[in-house]
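Just below is one structure, and these are the notes that go with it.
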Amino acid sequence: MAELRLYNTLARRKQRFEPLEAGRAGIYTCGPTVYSHQHLGNLRTYVFADLLGRALRWFGFQVRHVINITDVGHLTDDADAGEDKMELAARGAGLSISEIADKWTRIFKQDLKKLRVLEPAVWCKATEHVPEQVRMIAELEEKGFTYRAEDGIYFDVSKDPNYGELARLDLETQRSQERIASAGAKRHPADFALWKFSPGEGPRRQMEWESPWGRGFPGWHIECSAMSTRYLGSSFDIHTGGIDHVPVHHTNEIAQSENALGVRPWVRVWMHAGWLMLDGGKLSKSAGGAPTLDDLIAAGIEPEAFRYFALGAHYRQQAHLTEDGLRRAQRSWRRLCRHLEVWGGARAVPGGAAAAPRSAEAELCRQRFAAALADDLNAPRALAAVWQTVRSDSLADAEKAALLTDFDQVLGLGLEAVVGIEPDESSSTGDSGPVIVFGAEVAPEQREGIRELIRERESARRGRDWQRADAIRDRLAEDGFALEDRSDQTVVRRAETGRA
RNA sequence: GGCGCCGUAGCCAAGUGGUAAGGCACGGGCCUGCAAAGCCCUGAUCCCCGGUUCGAAUCCGGGCGGCGCCUCCA
């Protein structure tokens, strides 16, 4: 098996993955702030994290994946000023903060499910871990890394000689620029809030807690430090997130954690997904128009097709979301499904694919796939290996089916799950053969009607009444179903939508 | 202003020193009653210029072009 190498942002190069504990991998993924919909750019990042988890499992690691939900407190401005996004969203919708959080958390999880992102071992919410956060802040205070300002408790970056290592920050430059920017309560522009005091005046916050420093709420970064520690220990293997988190969020997480916990490195491997661009511009919530998964579904693009699209570019690359690109991904993905559908029968062959000895060619295919994955999760290359498997001359169909099913453990494209094969049990003679419906479900009564039409057409074809046969085919096409006459049966599937 | 990324066939996209993976589209063919699906065949010397090297898409320098970060963001 190939040696797994991962690109570590900390080292700025690929490194062999060596877990703290042999055979096990702990992953922490920065989750969303649940004040609105997650757009496709956000989702790409979770597809990446899922690819990582699946790949590690495929390589034999026992994976413990933790994803957090930020349901409180961070501000619209990283100068630790501005408004709280959750409070803002709640007020705008006329709901309580927990209602807002619940709503968007639910939708987020549904999206992940549609994208076949595996359920993590732990989902953790910031609001349910305030004591842990307070404890960590107290630890930092005790060790002298904090100071009290007018509006909160801050982390003093000057106390940490390693501050900014992840992002290669130059604190001097930041300070010099500070003269231009607004000063604020912080001693250094990179200092960040650990605990913010509730404002003495104005509307009272919905979410606030008592603490040794008075009533208030935790800073944004501390939650990830506190929760990852609770669920993965004081040091763990891999931390993932979007590329944007490098200079601020992750940099601050490291500063807090390493100094509070006294470990270094706190996290061994930092992995970051690149941006997904739209029309040459970044997808951004504030700008609006950032498409969601439901937008795609409404446009006839399956979530799995988006997943295929996401896997089509390396996770660290900036990718561009276009209608054409999505349609192309959709076609490719559907073809893979179709291949497996056709080969599916081969697995029923006596002995089965699992029992069959693996040919040298099959072994080569698997090695190509493994090598691609092992090289920093090179999914585009892995997909190339998939297609080389599909087009192979020497592999038996059963072998291909077995290989693709295996590969799909990592790709998560649901290659076989989307296919439903229904024998036409109502036909006593079995003349019309099985009816296969591709993709979305079809109402039972409609299903029977389709079977009836196919039987009718079959007898027309036997009588060489092509006109009638074609008329039936046209009629089904109008209803959105496409026919395929195979040698032994007629297959019906939902016609592909859009241009595909 | 500072930092960084990218520029590979019509499109998307791997490859980062040894003579260019893969997908989609196009064209041709096979199969089919006709279709559909499937199968086969077909295409690039890697933005430009210079350098290093036996050898570069891959390293270095200089251009041109596109984009991102430096404020919240996945």
Side-chain angles (χ1 to χ4, degrees), chain A residues 12 29-33 38-49 74-83 85 167-170 173-174 176-177 180-182 189 220 240-249 272-277 280-287 290 308-309 311-320 322 324-336 338-339 341-342 368 372 375 378-391 393 438 461 464-467 469-470 473-474 477 482-487 490-493 495-496 499-500:
Chain A
R12 299 289 156 97
T29 292
C30 273
T33 304
Q38 299 304 302
H39 58 59
L40 295 172
N42 298 312
L43 296 177
R44 179 199 188 195
T45 302
Y46 299 104
V47 168
F48 147 65
H74 64 265
L75 307 175
T76 53
D77 181 335
D78 192 59
D80 295 306
E83 287 206 80
K85 288 178 188 170
R168 315 264 152 108
L169 294 183
D170 179 354
T173 301
Q174 285 196 4
S176 65
Q177 287 175 340
I180 307 162
S182 60
W220 172 33
T240 78
I243 187 76
D244 51 298
H245 279 159
V246 173
V248 178
H249 185 51
H272 296 95
W275 292 112
L276 182 64
M277 312 296 290
K282 190 173 69 170
L283 292 179
S284 104
K285 287 180 193 169
S286 51
Y308 188 102
F309 172 86
L311 296 176
H314 186 90
Y315 76 87
R316 276 191 285 123
Q317 288 298 318
Q318 186 170 285
H320 299 267
T322 63
D324 265 8
L326 286 167
R327 294 290 175 196
R328 282 196 295 268
Q330 179 181 44
R331 286 193 73 106
S332 300
W333 170 70
R334 285 179 170 182
R335 279 188 179 157
L336 285 183
R338 206 165 289 189
H339 280 297
E341 167 201 313
V342 172
R368 270 198 294 253
D375 184 16
N378 194 325
R381 231 170 91 200
L383 285 175
V386 167
W387 284 102
Q388 286 179 315
T389 303
V390 169
R391 311 274 197 224
D393 291 327
F438 180 90
R461 291 182 71 210
R464 308 188 72 79
D465 183 352
W466 308 127
Q467 273 198 324
D470 291 351
R473 184 166 65 195
D474 291 344
L483 298 189
E484 289 175 27
D485 293 326
R486 297 186 186 171
S487 58
T490 292
V491 169
V492 60
R493 65 174 84 247
E496 298 185 355
R499 276 176 282 155

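Naming convention: chains lettered A, B, ... in sequence-line order (proteins, then strands); numbering from 1 in each chain.
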Quick one: label [X] by what it contacts on the DNA or RNA (base, sugar-phosphate, nothing), any heavy atom closer than 4.0 Å.
X	answer
A:G325	nothing
A:H245	sugar-phosphate
A:E484	base

Measuring only the [atom1] atom in each nucleotide, how far is [N] from [M]? A whole number of Å is fine.
N	M	atom1	result
B:G61	B:C5	P	12 Å
B:G4	B:A36	C1'	49 Å
B:U53	B:U58	P	16 Å
B:C73	B:G68	C1'	13 Å
B:A25	B:U16	P	28 Å
B:G29	B:C34	P	14 Å
B:G66	B:C47	C1'	11 Å
B:C46	B:A9	C1'	10 Å

Next item on the list: Just jot down the salt bridge (charged side-chain N to carboxylate O under 4.0 Å, His left out) partners of A:R461, sequence neighbours excluded, or say none.
Entry: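 Counting only residues at least two positions away or on another chain, A:R461 forms a salt bridge (charged side-chain N to carboxylate O under 4.0 Å, His left out) with A:E458, A:D485.
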
Checklist line | Side chain A:R316, main chain A:I243, donor-acceptor under 3.5 Å | finding: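 The answer is no, because no donor-acceptor pair under 3.5 Å joins these two groups.
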
Can you tell me how far [atom2] of [N] sits from [atom1] of [X], to the nearest Å?
X	N	atom1	atom2	value
A:L40	B:A74	CG	P	14 Å
A:R12	B:C3	CZ	C1'	10 Å
A:R464	B:G33	CZ	P	8 Å
A:R461	B:C34	CZ	P	11 Å
A:Y46	B:C73	OH	C1'	11 Å
A:H272	B:C5	NE2	P	16 Å
A:E341	B:G38	CD	P	10 Å
A:W275	B:C6	CH2	P	17 Å

Check: Would you call A:D324 and A:R327 a salt bridge, taking side-chain N to carboxylate O under 4.0 Å as the test?
Finding: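 Not counted as a salt bridge, because no side-chain N and carboxylate O are separated by less than 4.0 Å.
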
Margin query: Pick the closest RNA chain B nucleotide for A:T45 and for A:W466 by heavy atoms, then say which residue is nearer the 5' end.
Written below: A:W466

Notebook entry, point to check: On RNA chain B, nearest-nucleotide positions of A:D244 versus A:A319: which is more 5'?
Noted result: A:A319

Return the pairing partner of [N] with a 3.5 Å limit on both distances, Watson-Crick or G-U wobble; otherwise return none.
N	result
B:C26	none
B:C3	B:G68
B:U58	none
B:A37	none

Checklist line | Contact summary for A:H314 and A:P380, nearest pair of heavy atoms | finding: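 It is N-CG, 3.4 Å.
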
Next item on the list: Give the minimum heavy-atom separation between A:A167 and A:P247, together with the two atoms involved.
Entry: CB-CA, 3.6 Å

Notebook entry, point to check: Once the angle between the rings of A:H339 and A:W387 is folded into 0 to 90°, is it parallel (under 30°), tilted (30 to 60°) or perpendicular (over 60°)?
Noted result: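 Answer is perpendicular, since the angle exceeds 60°.
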
Notebook entry, point to check: Would you say a side-chain N or O of A:H339 is under 4.0 Å from OP1 or OP2 of B:C39?
Noted result: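 Affirmative; the distance criterion is met.
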
Notebook entry, point to check: Just by protein heavy atoms under 4.0 Å, how would nucleotides 14-29 of chain B read 5' to 3' in B, S and -?
Noted result: SS-----BSBBS----

Check: Would a 4.5 Å heavy-atom cut-off, applied to side chains only, mark A:F309 and A:L40 as touching?
Finding: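 SC-SC contact between A:F309 and A:L40 ruled out.
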
Item checked: Euclidean distance, A:W466 CH2 relative to A:R473 CZ, rounded to 0.5 Å -> 10.0 Å

Check: Which distance, rounded to the nearest 0.5 Å, do you find between the OG1 of A:T389 and the CZ of A:R368?
Finding: 6.5 Å

Next item on the list: Can you figure out which of B:G68, B:G38, B:A35 approaches the side chain of A:R473 most closely?
Entry: B:A35

